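Right, one structure below, let's go through it.
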Amino acid sequence: MTAQQFVLGIGRALHALGSPSYRIEDAMDACCRALGLEGSFFSTPTAIFASLGDRGGPQTTTLLRVQPGDIDLGRLAALYAIRDAVLRGEHTPAEGLARIEATLAARSGHGPLGDALAHGLGAAGAGVLFGGGALEVAFAAAAGLLVGMLALAARLRPGLGDAQATLACALVAFLVHLAAAKGVPVDPTVSTVAAIVVLLPGLSFTTALAELAMRHLASGSARLLGALAVLLTMAIGVGIGDRAAAILFGPAPPIAADPLPLPWLPPALLATWGAYVILLRATARQAGWVMLAIVLGFGCAKWAGGAFGREVGAFVAAAGVAMAANLFARLRRRPAAIVRTPGLLVLVPGSLGFRGMTTAFADSSASVPFLLQMLLVGGAIVAGLLIAGALLPPPLDVEPDSRLLRR
């Protein structure tokens with residue numbers, strides 16, 4: 001029974017740390033085979049169904065009610081180490097379960113103020129990467145810091161959490177429109193999108209497409225609708241803030257950003273790296289790998305995208321990041337997510353969908369190209385992940401190695 005509880009604990013912990021459904025199911029199945037159990041598992045973004053029992057014996061069906069969790073690279077690596085220690089016999093399943101609970105209960109990250117700073121850093125880096133000028137980057141950084149402070153307020157008052165993204169978008173759009181209406185030569189679109197880029201569900205959207213491609217239809221459909229719902233509420237927030245500012249202060253003149261020169265690109269990547277290290281809860285040992293993933297993903301997308309188009313760039317970058325992540329997992333015996341997640345975050349198409357939905361308020365026909373490109377880029381990323389998985393499979397971050405399974 002303790003071994004079964006350990007398997008259930010692994011599944012619940014992986015879910016709490018932001019793992020996709022197919023990895024949760026594969027990891028639980030691998031643990032079952034290594035511990036002499038039989039089981040069938042079905043994971044969704046809000047529940048895990050598990051049928052478990054001793055090999056050849058009756059099975060008990062369990063429903064675990066769970067909530068989607070945020071990615072935490074530090075605790076995810078600790079969780080995989082606990083799993084391997086149990087499967088090697090260094091700890092009993094009961095000890096492993098206690099260590100899992102202690103890992104989930106431990107304080108992680110750099111604290112609320114660190115998260116607020118990360119929002120500002122991420123917004124500043126995105127402002128440069130989205131083609132903003134000095135004013136757009138400055139406004140995005142300040143507004144991003146404000147978004148981070150609103151996230152801190154949502155932690156202190158849980159009832160604010162569900163409305164946080166909508167309120168943040170409305171506030172940012174209002175302030176940016178106000179500045180533009182008062183004569184500040186700032187591009188409202190670039191500043192607004194960069195300021196709220198950390199809130200965009202681009203990674204959830206891509207994960208949903210990956211789950212659908214791998215025939216995890218229930219989980220993929222639920223996650224996809226959830227990501228689209230978040231995008232819609234954020235777009236509505238921007239529409240409310242922008243309209244309110246237009247009524248109070250008049251329309252903002254159309255201004256196109258003057259992109260910063262190429263030497264600003266390295267500082268932008270450093271700012272993005274700092275934001276991801278904090279928001280993904282990476283440890284000091286993982287920080288270097290996060291930087292490598294960001295440079296690899298952005299570099300491949302920039303090179304291939306400039307030569308063959310944005311969709312091909314996303315495909316090449318996703319394939320390169322995924323193969324690097326799988327190789328990292330094989331050589332270092334650490335979760336591939338340490339490299340894969342930050343590398344994909346610089347590619348995810350959430351900003352395209354967001355711009356498409358916000359454009360629809362003014363001209364519905366003009367929003368179609370953005371939404372179509374979001375689907376194409378997301379599909380290209382998924383195709384890259386699938387090709388990388390076929391060329392260099394990711395066995396080490398999904399299930400124990402063959403020596404453990406032959407026990």
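Side chains included, hydrogens not; waters and symmetry mates left out as well; all remaining heavy atoms used. All of these numbers come straight from a predicted model, not from anything done at the bench.
With hydrogens and angles ignored, the 3.5 Å screen pairs a side-chain donor or acceptor of Arg330 with a backbone N or O of Pro393. No donor-acceptor pair closer than 3.5 Å links the side chain of Arg281 to the backbone N or O of Ile71. The main-chain N or O of Leu97 is never found under 3.5 Å from a side-chain atom of Gln5 such that the two would form a donor-acceptor pair. The closest donor-acceptor contact from the side chain of Thr341 to the backbone of Ile338 lies at 3.5 Å or more, if one exists at all. With hydrogens and angles disregarded, a donor-acceptor distance shorter than 3.5 Å links the side chain of His15 to the backbone of Pro45. A donor-acceptor contact shorter than 3.5 Å links the side chain of Asn326 to the backbone of Leu392.
Under a cut-off of 6.0 angstrom, the local environment of CZ in Arg55 is crowded, with over 12 non-hydrogen atoms contributed by other residues, nucleotides or ligands.
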For a side-chain contact (heavy atoms from CB on, under 4.5 Å) check, start with the C-alpha distance between Val295 and Trp273, then their side-chain angles and the critical distance, and finish with the verdict. CA-CA 9 Å; Val295 172; Trp273 168 71; over 6 Å; no
What do the steps show when you test Ile196 against Val147 for side-chain contact (heavy atoms from CB on, under 4.5 Å), and what is the final call? CA-CA 7 Å; Ile196 52 88; Val147 170; 4.2 Å; yes
Assess the residue pair Asp54 and Glu38 against the criterion (side-chain contact (heavy atoms from CB on, under 4.5 Å)); give the C-alpha distance rounded to whole Å, side-chain angles, the decisive distance to 0.1 Å, and a yes or no. CA-CA 6 Å; Asp54 294 330; Glu38 289 184 356; over 6 Å; no
Determine, step by step, whether Leu269 and Val346 satisfy the side-chain contact (heavy atoms from CB on, under 4.5 Å) criterion, reporting the C-alpha distance in whole Å, the side-chain angles of both residues, the deciding distance to 0.1 Å, and the verdict. CA-CA 10 Å; Leu269 292 177; Val346 298; 5.9 Å; no
Applying side chain to side chain donor-acceptor pair (under 3.5 Å), run through Ser43 and Glu25 and close with a yes or a no. CA-CA 7 Å; Ser43 176; Glu25 293 176 6; 5.1 Å; no
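With rounding to the nearest 0.5 Å, the separation of CG in Leu212 from CG in Leu224 is 6.0 Å. Taken from CH2 in Trp289 to CZ in Phe328, the straight-line distance is 5.5 Å, to the nearest 0.5 Å. With rounding to the nearest 0.5 Å, the separation of CG in Leu279 from CG in Asp115 is 6.0 Å. Atom CD1 of Ile278 sits about 13.0 Å away from atom OH of Tyr276, to the nearest 0.5 Å. Between the OG atom in Ser191 and the CG atom in Leu175 there is a gap of 11.5 Å [rounded to 0.5 Å]. Here the CE atom belonging to Met149 is positioned 11.5 Å from the NE2 atom belonging to His119, to the nearest 0.5 angstrom.
Considering all non-hydrogen atoms of both residues, Thr61 and Ser51 come closest at OG1-OG, 3.8 Å. Nearest heavy-atom pair, Ala195 versus Ala123, reported as atom, atom and distance to 0.1 Å: CA-CB, 3.8 Å. In terms of heavy-atom proximity, Ala314 sits nearest to Ile381 at CB-CG1, 3.9 Å. Across every non-hydrogen atom of Ala168 and Leu199, the tightest pair is CB-CD1, 3.9 Å. Taking both residues in full, the closest heavy atoms of Phe130 and Val197 are given as CZ-CG2, 4.0 Å, listed atom of the first, atom of the second, then distance. Taking all atoms of both residues into account, the shortest heavy-atom contact from Leu347 to Val377 is O-CG1, 4.0 Å.
Contact of the Thr62 side chain with the Leu52 side chain is not registered, since no non-hydrogen atoms from C-beta on lie closer than 4.5 Å. Residues Cys169 and Met234 have side chains in contact (heavy-atom distance under 4.5 Å, counting atoms from C-beta outward). The shortest side-chain heavy-atom distance between Leu344 and Leu385 falls under the 4.5 Å cut-off. Here the side chains of Ile100 and Phe6 are in contact, with some heavy-atom distance below 4.5 Å. Between Leu17 and Leu104 there is a side-chain heavy-atom pair separated by less than 4.5 Å. No side-chain heavy atom of Thr92 sits under 4.5 Å from any side-chain heavy atom of Thr2. Between Pro185 and Leu135, the closest side-chain pair of non-hydrogen atoms falls below 4.5 Å. Side-chain contact check for Ile48 versus Phe42: every heavy-atom pair is 4.5 Å or farther apart.
With sequence neighbours excluded, the residues that form a salt bridge (Lys or Arg N to Asp or Glu O under 4.0 Å) with Glu211 are Arg223. Listed by chain and residue number, Asp72 satisfy the salt bridge (Lys or Arg N to Asp or Glu O under 4.0 Å) test with Arg75 (two or more places apart in sequence, or in another chain).
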